[in-house]
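Notes to accompany the following structure.
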Amino acid sequence: MSRMRPEIIMIKRGPKRLIMGLALAALFLLSACALVPPAEDGIGTDNGPPFILRPQNEKYFREDEWVRIITLAISNPDQRDKIWESIPSAQRSEISQSDFLRYAGFLNDCLPGTISSFYRATDEESETMRVHASKSEKQLTPKPSQAAFWWIKARTSDLREIKFAVPVTLDESGIPYFSKSWLQRQASLYDYVVLYLDALSTGSGPALSSLLRHNLDVRTDAQDYAIERRVKDLLAYYSTNVVSGRGGYRCVEMMPGRAVFEELLLTGDTGNQRSRTVVFTETGGSYRADEKIPQILDQADSVLFFREQVLFEAGESGVRILSSSSIKLLGIPLSLDITGEDEKGDTIFRVTWPGLEVEALGSCDPDSLSFDGMIRQIHVSYSRFETGSGLRPGNSVHELYLRYPFARENGYLIQDTQAAVSRTLAVQLESDYIARLTLIFD
């Protein structure tokens, strides 16, 4: 890490104070990245003297000096105006002073405690952050490939070490500057998340509904109802599981178009505080929160119907397929194949009808078209097959979200592990429509 630091010139009365100020300035130039507490930083406190920050090369702040300036702005809110004025105009020409103050305040919220050090991110860490920025936002200037990434570390009052990554946007000559597009994208996303979490904290359904609909084209009743179902389930989850209020969350990662927030969970044991993370993204002005909230499969959706008749009967030990009843209801299968044996030597077979495929374990005779076994998986791809709640291939994805608002966050796998036989509904989508439903029995 470079040892270069912004020079700090103290304006004092009396030779003793001047010598002390110069000694502190020399200390910063010789030190590594570790920072001293703000009161010893050579920056004046509320009643202290004015100060000037100056690039060592007398022209512009270099990359490590730039990060140092950011840490000073975080730690010294009463001196942010003067820090702004000390930045060469060419390095701050794209943003206003209010943009800078807003950015410093946001970083201060993300790094509670005392800043202890800063250092450049590894190549692997930097590449990960570039990918996040590139995926979420295509109109950034400069491009993510032209940005550098640094970690700032802080120590909280309870002695926890936390860190936060800041992007350093560079011009074509590698000189740091404040990019308007980078700062605005981060600020707008941060503001959205704060409003979102405040709505959940206060239990405001209308406010939360408005935020979920922001820049969203709601085209169908199913989509409208699905949004309201998500609002209802979010409010219920947060009221019983998440610490409310601004002290209950912290931004732990922020790049244009992507933010990660840590939320404290309600627990009975104050000495064992648990947390969860929520990822927020923004693309083209539309925002999305990835709320990984468990979804439990409704019993009705573990049963398939064909022409309003139950397709396969469920019992305490599982779901059974029997050739006599299946052929009577569905007709002669397209194929019946033995695919192997399990560890006990039982036959694994697969029977297929148009739009329906069943894998089971039991007995099978392809020559006589006879089979009897316990079903392991059922795949349906035709709309004539549906679950007990009416979910079927061809439905809009919003019909799924109406039943399971957080299906996306759960990888489109909805489970019920409480029954004697675990059941999972897997949903495959194509262009926001259900292409295939799979029921898995373990």
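- Among residue pairs with one or both ends in residues 148-157, those qualifying as salt bridge (Lys or Arg N to Asp or Glu O under 4.0 Å) are Arg155-Glu161; sequence neighbours excluded.
- Looking at heavy atoms from C-beta onward, Gln91 lies in side-chain contact with Ile175 at the 4.5 angstrom threshold.
- For Glu409 and Arg230, the salt-bridge test passes: some basic side-chain N is under 4.0 Å from an acidic carboxylate O.
- Side chains of His132 and Glu253: a donor on one and an acceptor on the other come within 3.5 Å.
- Scored by the side-chain contact (heavy atoms from CB on, under 4.5 Å) test, Ser210 finds no partners at all (sequence neighbours excluded).
- Shown here are the side chain to side chain donor-acceptor pair (under 3.5 Å) partners of Gln295, two or more places apart in sequence or in another chain: there are none.
- Thr122 and Glu125 are linked by a side-chain donor-acceptor pair at a separation below 3.5 angstrom, with hydrogens and angles left out of the test.
- By the 4.0 Å N-to-carboxylate-O rule, Glu85 lies too far from Arg80 to be salt-bridged with it.
- Taking the six-membered ring where the residue is Trp, Phe280 and Tyr196 present perpendicular rings, their angle passing 60° and hence far from 30°.
- At a threshold of 4.0 Å, the pair Asp290-Arg288 counts as salt-bridged, since one of the basic side-chain nitrogens sits closer than that to a carboxylate oxygen.
- Taking the six-membered ring for Trp and thresholds of 30 and 60 degrees, Trp151 and Tyr119 have ring planes inclined between 30 and 60 degrees apart.
- For the ring-ring contact (aromatic ring centres under 6.0 Å, His included) test, residues two or more places apart in sequence or in another chain that qualify with Phe178 are Trp66, Phe100.
- Residues satisfying the ring-ring contact (aromatic ring centres under 6.0 Å, His included) test with Tyr401, not counting sequence neighbours, are none.
- Partners of His398 under the side chain to side chain donor-acceptor pair (under 3.5 Å) rule, at least two apart in sequence or in another chain, do not exist in this structure.
- Defined by atom type and a distance below 3.5 Å, a donor-acceptor pair is missing between the side-chain atoms of Asp416 and Gln299.
- Applying the side chain to side chain donor-acceptor pair (under 3.5 Å) test to every pair with at least one member in residues 165-178, sequence neighbours left out, gives no pairs at all.
- Ile296 CD1: 12 or fewer foreign heavy atoms inside a 6.0 Å radius.
- Take Arg350 and apply the side chain to side chain donor-acceptor pair (under 3.5 Å) test, not counting sequence neighbours, and it matches no residue.
- With sequence neighbours left out, the side-chain contact (heavy atoms from CB on, under 4.5 Å) criterion links Ser389 to Asp301, Thr387, Leu391, Arg403.
- The minimum heavy-atom distance linking Cys251 with Met254 is given by the pair SG-CB, 3.9 Å.
- Checked against side chain to side chain donor-acceptor pair (under 3.5 Å), Glu386 has the following partners two or more places apart in sequence or in another chain: Arg392.
- A salt bridge links Arg229 with Asp233: the closest approach of a Lys/Arg side-chain nitrogen to an acidic carboxylate oxygen falls below 4.0 angstrom.
- In terms of the side-chain contact (heavy atoms from CB on, under 4.5 Å) criterion, residue partners of Tyr382 (sequence neighbours excluded) are, by chain and number, Pro354, Arg384, Phe385.
- Ion pairing between a basic and an acidic side chain is recognised when a charged N comes within 4.0 Å of a carboxylate O; Arg213 and Glu228 show such pairing.
- Listed by first then second residue, pairs satisfying side chain to side chain donor-acceptor pair (under 3.5 Å) with a partner in residues 239-252 read Asp198-Arg246, not counting sequence neighbours.
- Inspection of the Ser98 and Ser96 side chains reveals an N or O donor paired with an N or O acceptor under 3.5 Å.
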Can Val242 and Leu197 be said to form a side-chain contact (heavy atoms from CB on, under 4.5 Å), step by step?
CA-CA 10 Å; Val242 181; Leu197 295 176; over 6 Å; no
